[in-house]
Each structure stands twice: as structure tokens, then as C-alpha cells.
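Below is one structure, written out as C-alpha cells; the observations come after it.
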Amino acid sequence: MRTVAQLANVDPPRTQVVALLGASRGTGEVIVGDGGLAVTRFRPGQPPTVVFAQAALADLTPAALRSLAAHELAHVIGRARGSAAARYVWLLGYLLLMLIGLVLSVAALAAAPRLAGPAALATMLAAVAFLALQVAFDRREEIAADRFSITLTRDLAAAAELMGFYEEHLARPAPRGRLGGLRARFEQRWFATHPAHAVRLEAMRRHLVDQPSE
């Protein structure tokens, strides 16, 4: 983390190493958690802390570990540059939307029962659309962190190793049957906060082409 922070000309964040992030998902000799290899934790009144799972230090090459650290550093810098109000605008907006929908549904039920169903349906559709928009912004943030990482490390092979580790040890098993496959694609398309690994690698590759080293 100190290495990538020096490259970015910023102070390194606090770091911590834990045995697992999330529930255990062991695969052979590599013991990982379903929470991933690293996460950046932001707590009110405290500096951000990048928490690494033990598997990241034990099973990644130094180059892949630098790629992971640079990605998490991007989240630290992004949060530091963002306003405090913006961090909660989505949650407050969502709660306000649900409150307005609930009030309208109750009012419709009391004044015109025939409109209660459409009002509730409209509220549900608006909530789903709101969440989908949030997912889109989350994916954009992940791609931005990937681009920041590849700008610092200039090592696409290390990024590919990191993505490959996720695919091998952390990706959910492909569901059986056509219906299961359709459901998995639907969830990835509309609800996954991280883009597919192939998409992330391609975005980093294009970024390297568009931003050649000086």
C-alpha cells in the first residue's frame, strides 16, 4: 500500500489484515471468504482502513497484490474528494421515495380504492429503477478504480491474475439448467455492483492504450 500511495503522491491509508472477509469459501489449499480479498471501510470520525484478507497476501504475486492495493486506494481517494452530503444522498433519496409512495398508496386506498393497486405498483417500479441507477453508479465507480489502478501499476498481466483469482476461488458456481443460467445473467446484468471481470479487464486495456506512459 505504501508503494502505490507513493506512486499516487498521497499518504497511505491505514491497513489491516484479517483471516477472512465474509463467510468461508475454501477451495482446496486456498481458504477465502465470500467477502473478497480486500475492502475499504469508512467509519464516521475515523480514517479509512483498507482491510486485506490473508489469502491476498499468501496467494497473490506481489504484482497482483499491488494491483489490488491500488484499486482500494482509488476508493480511499474518491471518498476523500467527495462531499459528506453526497455519501448519503442515495439512501435519503430512496427512503424519501418509499415514504412518498407509501403515503400516496394509503391516500389512494382511502379515497379511491381502485387507484391503490396502481399507486403501489408505480412505487415499486420507481424503487427498482432507483436501485438500478445506484447499481450503475457503483459499477462506474469500480471501473474508475480499475483505471486508477492500471494507471499506477501499468501492469495488465497483474490485473488479469487478480481477476483470474476471483474467477477461480470467489465466483459463484454456474447454476444448472437454462432457467438458472438466465437468472444468473439477469442478476449480473441488473443487480451486480461489480462489472464482469472480462469487462473490467477490457476497460483497463483500453485505458492503457488511451493513456500511454510518458
Side-chain angles (χ1 to χ4, degrees), residues 1 3-5 7-10 12-13 15 21-22 32 34-42 48-53 56 60-61 63-91 93-94 128-172 174 184-214:
M1 183 58 75
T3 299
V4 295
L7 291 174
N9 196 28
V10 298
T15 58
L21 286 170
V32 296
D34 59 9
L37 294 176
V39 64
T40 301
R41 292 175 176 166
F42 300 96
T49 301
V50 179
V51 183
F52 292 95
L60 294 176
T61 64
L65 185 56
R66 280 194 297 272
S67 180
L68 176 63
H71 179 95
E72 295 303 322
L73 180 63
H75 289 309
V76 173
I77 295 175
R79 179 64 68 95
R81 292 175 179 174
S83 66
R87 301 172 191 173
Y88 304 103
V89 65
W90 284 103
L91 176 61
Y94 181 75
V128 170
F130 195 92
L131 291 177
L133 189 60
Q134 176 65 66
V135 168
F137 275 91
D138 288 342
R139 292 179 181 178
R140 183 178 179 181
E141 183 179 346
E142 292 301 324
I143 291 294
D146 286 338
R147 289 173 174 167
F148 177 90
S149 172
I150 203 66
T151 298
L152 287 185
T153 65
R154 315 296 301 183
D155 193 342
L156 191 61
E161 178 195 339
L162 181 59
M163 298 299 165
F165 187 95
Y166 277 113
E167 287 284 355
E168 182 177 358
H169 300 290
L170 290 166
R172 293 181 179 177
R185 287 193 292 271
F186 178 81
E187 290 177 353
Q188 174 63 41
R189 176 66 179 84
W190 295 105
F191 297 105
T193 57
H194 288 61
H197 295 149
V199 173
R200 296 174 64 180
L201 280 174
E202 177 59 21
M204 285 186 276
R205 187 196 66 79
R206 290 199 308 268
H207 190 68
L208 278 179
V209 172
D210 295 339
Q211 302 288 334
S213 58
E214 298 180 356

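Contacts of Asp138 classified as side chain to side chain donor-acceptor pair (under 3.5 Å), with partners at least two apart in sequence or in another chain: Gln134. For Pro48, the side chain to side chain contact (heavy atoms under 4.5 Å, CB included) partners at least two apart in sequence or on another chain are Thr40, Phe42, Val76. With sequence neighbours left out, Ala53 forms a side chain to side chain contact (heavy atoms under 4.5 Å, CB included) with Leu21. By the ring pair (Phe, Tyr, Trp, His ring centres under 6.0 Å) test, Phe165 pairs with His169, sequence neighbours left out. Not a single side chain to side chain donor-acceptor pair (under 3.5 Å) links Thr49 to another residue, sequence neighbours left out. The salt bridge (Lys or Arg N to Asp or Glu O under 4.0 Å) check on Glu202 picks up Arg205, Arg206, with sequence neighbours excluded.
Between Val50 and Pro13, the shortest heavy-atom contact is CG2-CG, 3.9 Å. Closest approach of Asp155 and Ala63 over heavy atoms only: OD2-CB, 3.7 Å. Of all non-hydrogen atoms in Gly36 and Tyr166, the two that sit nearest each other are CA-CE2, 4.3 Å. Considering every non-hydrogen atom in both Leu162 and Ser67, the closest pair reads CD2-OG, 4.1 Å. Nearest heavy-atom pair, Ala38 versus Phe52, reported as atom, atom and distance to 0.1 Å: CB-CD2, 3.8 Å. Residues Arg200 and Pro195 come closest through the heavy atom pair CD-O, 3.5 Å.
Atoms CE and OG1, from Met1 and Thr15 in turn, are 7.0 Å apart once rounded to the nearest 0.5 Å. Here His75 contributes atom NE2 and Ser149 contributes atom OG; the two are 10.0 Å apart, rounded to the nearest 0.5 Å. The line from CD of Glu141 to CG of Asp146 is 11.0 Å long, rounded to the nearest 0.5 Å. Between the CG atom in Leu156 and the CE atom in Met163 there is a gap of 9.5 Å [rounded to 0.5 Å]. Between the OG1 atom of Thr3 and the CG atom of Leu152 there is a distance of 11.0 Å, given to the nearest 0.5 Å. With rounding to the nearest 0.5 Å, the separation of NE2 in His207 from CZ in Arg154 is 7.5 Å.
With hydrogens and angles disregarded, a donor-acceptor distance shorter than 3.5 Å links the side chain of Glu161 to the backbone of Thr61. Side chain of Thr151 to backbone of Arg147: a donor-acceptor contact under 3.5 angstrom is found.
When each of Ile150, Val209, Val199, Thr153 is paired with Met204, the side chain to side chain contact (heavy atoms under 4.5 Å, CB included) condition holds for Ile150 and for no other.
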